[in-house]
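Remember, it's a predicted structure, so these values are computed and weren't measured experimentally. Proteins get letters first, then strands, A, B, ... in listed order; numbering begins at 1 in each.
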Amino acid sequence: MPPPDTTIDALLRGTAAVYTRDELAARLAKASAARRPLRVKLGLDPSSPDIHLGHTVVLGLMRRFQDLGHVAVLIIGDYTARIGDPTGKSKTRPMLTEQEIDANAQTYLEQATRVLDPDPSRLEVRRNSEWLSKLTFADTIRLASHMTVARMLERDTFDKRYKAGQPISVHEFLYPLMQGWDSVCIRADVELGGTDQTFNNLVGRDFQIANEQPPQIVITMPILRGLDGQEKMSKSLGNYIGVTESADEMFGKTMSIPDHLMAEWFTLCTTAPAGEIEALCDAQRTHPRQAKERLGREIVNRFHGPEAAERAAQEFASRFREGNLPADLETHRLALECPGVLDLMREVGFAASNSEARRLVAQGGVSIDEQKISDPMLTVPLSADGIILRVGKRRICRIVRG
RNA sequence: GGGUAGGUACCGAAGCGGUCAAACGGGUCAGACUGUAAAUCUGAUGGCUUAAGCCUUCGGAGGUUCGAAUCCUCCCCUGCCCA
């Protein structure tokens, strides 16, 4: 019995491209007939230890495969991380040491299972050093012979860098080869990735064919744009929401995205049906603030549960709409009697230097006990009750003598 | 190996002997407004003291000069062209 189309549609929700859908349908049908789960590959580059919402887009698709009974094969690219994936980079990435990679891989796994089903029968975790470290130089040359320079340069990230006159090191060309070899070694049926991985993933197909394996089906997901609404979400750009962040942070950051980004986030980060998303993102039918609030709740709910989502939404409204103090006000103890405002700001980390602190005061961004201050030389008597120091909208804390 | 163009603050990019802490854009931060940490507008954006002042920055190391990001020498890194 081939799986009905509706199953495949649900599975492919939000995907950017499938190479090819017919092959996928056939492979799914064959798997179910043979009662053999598909091996679904996803490679992760542990060059940065934290998983953010952008990663969860593809992880979510992987989870849907798991839920249908297939096996997620997560490849920690510990070996490839020594090279650095050139994808989307204007510069060659730095290589990592083994210790860094190990630590990152560990964290990665912990965080990935916040989306993936950790059941060992549904999740297989491998490191590609397992097979890549055994390749001889001769093997490597043989692999390289399957690829041509022209195809390599077609790849848009190389193409752009090349045309822009930016450096490309030869070792970066090896990255797609290694990744393709991964697919052969784990006998992948399907490989998932962001659209920026299309080239790498398709190399896997070629290598598998060359090694007399059925070629993997490649499914790509759109790249999630980050908080700025322009660039792809990434740690290095700082426009991300990490899966381990607090409920309040997740909610607040979501509220800060530009309105035009909502539809994309609803589609890629929540399970809301398409019709509903359309209604939510139509300003005529739904107030944008309400839509965004809903988005924030959905996201927090996914990682912290419904109670936390509710709390975060309320806390946000209380703090930023009504201007109240945060529920859990951070308290700093200082062993000073009568410090100046500037010192206070530096002590609690609200300003990096005296000049910066002075600037903030001059700009009217600083208040003590909700009283805006204008004199940078002001001294503040500290008592046991302490004072409330506020800088801008978001930085606020209590300071007591102690 | 030869030729040639470059390396400037968080990023991009001007400046090419003093008026340069260094234009401009982005980012970030603050303020106003608001629908929110949206959008828009305004301002700030090396450090120390704030009045004037002082100190550290323009790939690295030396040098010329009263004075250099700007000139010279050597070195390191990168693009392009030729071989």
Does any donor atom in the side chain of N301(A) or E298(A) lie under 3.5 Å from an acceptor atom in the other side chain? no
Does RNA chain B take part in any stems of at least 3 consecutive Watson-Crick or G-U pairs (both distances under 3.5 Å), and if so, which ones? B:1-7 with B:76-82, B:10-12 with B:24-26, B:27-32 with B:40-45, B:46-48 with B:53-55, B:59-63 with B:71-75
Does the protein touch nucleotides 28-34 of chain B at the base, only the backbone, or not at all? Give it as B, S and - per nucleotide, heavy atoms under 4.0 Å. -SSSS--
Separation between the C1' atoms of rA61(B) and rA51(B), rounded to whole Å: 39 Å
For the pair D159(A) and K163(A), find out whether any cationic side-chain nitrogen is under 4.0 Å from an anionic carboxylate oxygen. yes
So which protein N/O to nucleotides 1-7 of chain B N/O distances come out below 3.5 Å?
none

Using the P atom in both, what is the distance from rA9(B) to rC80(B), to the nearest Å? 23 Å
Please give, in whole Å, the distance from rA37(B) C1' to E249(A) CD? 10 Å
For RNA chain B, determine which residues of residues 269-296 of chain A have any heavy atom closer than 4.0 angstrom to one of its atoms, and list them numerically. H287(A), P288(A), R289(A), K292(A)
Quick one: E245(A) CD to rA37(B) C1', roughly how many Å, whole number? 13 Å
Between D189(A) and R27(A), is the closest basic N to carboxylate O distance under 4.0 Å? yes
Do the side chain of K292(A) and the main chain of I257(A) share a donor and acceptor less than 3.5 angstrom apart? yes
Is there a side-chain polar atom (N or O) of S256(A) under 4.0 Å from OP1 or OP2 of rU36(B)? no
Please report the distance separating the C1' of rU65(B) from the corresponding atom of rA14(B), rounded so that it comes out in whole Å. 26 Å
So does R398(A) get a backbone contact from the side chain of T331(A), meaning a donor-acceptor N/O pair under 3.5 Å? no
Pick base, sugar-phosphate or nothing for R319(A), based on heavy-atom distances below 4.0 Å to the nucleic acid. nothing
R225(A) CZ to rA38(B) P, straight-line distance once rounded to whole Å: 17 Å
With a 4.0 Å cut-off on N to O distance, would you call D196(A) and K232(A) a salt bridge? yes
Taking the side chain of D259(A) as heavy atoms from C-beta outward, which of rA44(B), rA37(B), rG35(B) is closest to it? rG35(B)
Please state how far atom CD in Q314(A) lies from atom P in rU36(B), giving the value in whole angstrom units. 16 Å
CD of Q230(A) versus C1' of rG25(B): gap in Å, rounded? 15 Å
Point-to-point distance, once rounded to the nearest 0.5 Å, from CD1 of I75(A) to NZ of K41(A): 5.0 Å
Side chain S145(A), main chain R142(A), donor-acceptor under 3.5 Å: yes
Between rG25(B) and rU45(B) - C1' atom distance, rounded Å: 14 Å
Does S355(A) make a side-chain N or O approach to OP1 or OP2 of rC48(B) shorter than 4.0 Å? yes
What distance, rounded to whole Å, do you find between the two P atoms, one in rC74(B) and one in rA5(B)? 16 Å
Gap between atoms CE and P, on M262(A) and rA38(B) respectively (whole Å): 13 Å
Considering only atom P, compute the distance from rU19(B) to rU70(B) and round it to an integer number of Å. 13 Å
Which of residues 337-352 of chain A sit near RNA chain B, with a heavy atom under 4.0 Å from it? none
Start at the 5' end of RNA chain B and walk down; is the nucleotide closest to M377(A) or to H260(A) reached first? H260(A)
N/O donor-acceptor pair under 3.5 Å between N211(A) side chain and V184(A) backbone: no
Got a second to check how far L53(A)'s CG is from T56(A)'s OG1, nearest 0.5 Å? 4.5 Å
Interatomic distance, F316(A) CZ vs rG35(B) C1' [rounded to whole Å]: 11 Å
Row check, F158(A) ring normal vs R161(A) NZ/CZ: under 6.0 Å, within 45°: no
Between the side chains of E231(A) and R225(A), is the shortest nitrogen-to-carboxylate-oxygen separation below 4.0 Å, so that they form an ion pair? no
Using the P atom as the reference point in each nucleotide, state the distance between rA32(B) and rG67(B) in Å, no decimals. 49 Å
Do S183(A) and Q208(A) get their side chains close enough for a donor-acceptor pair, meaning under 3.5 Å? no
Verify the distance criterion only: is there a donor paired with an acceptor across the side chains of Q66(A) and D117(A) at less than 3.5 Å? no
Between rG43(B) and rC10(B), how far apart are the P atoms? Round to whole Å, please. 24 Å
Salt bridge check: are E191(A) and R205(A) linked by an N-O gap of less than 4.0 Å? no
Specify whether F207(A) and H146(A) have parallel, tilted or perpendicular ring planes, treating 30° as the upper limit for parallel and 60° as the lower limit for perpendicular. tilted
Is the backbone N or O of R394(A) less than 3.5 Å from a side-chain atom of R319(A), with the two atoms forming a donor-acceptor pair by type? yes
Protein within reach of the bases, or only the backbone? For nucleotides 78-83 of chain B, mark each nucleotide 5' to 3' as B, S or -, using heavy atoms under 4.0 Å. SSS---
Assess whether one donor atom and one acceptor atom, taken from the side chain of N354(A) and the base of rG47(B), lie less than 3.5 Å apart. no
Would you name the heavy atoms of R346(A) and N354(A) that are closest together and state the gap between them? NE-OD1, 3.3 Å
Does K253(A) qualify as a cation-pi partner of Y240(A), given the criterion of NZ or CZ under 6.0 Å from the six-membered ring centre and within 45 degrees of its axis? yes
Note: H70(A) and L38(A) closest approach over all heavy atoms is ND1-N, 2.9 Å
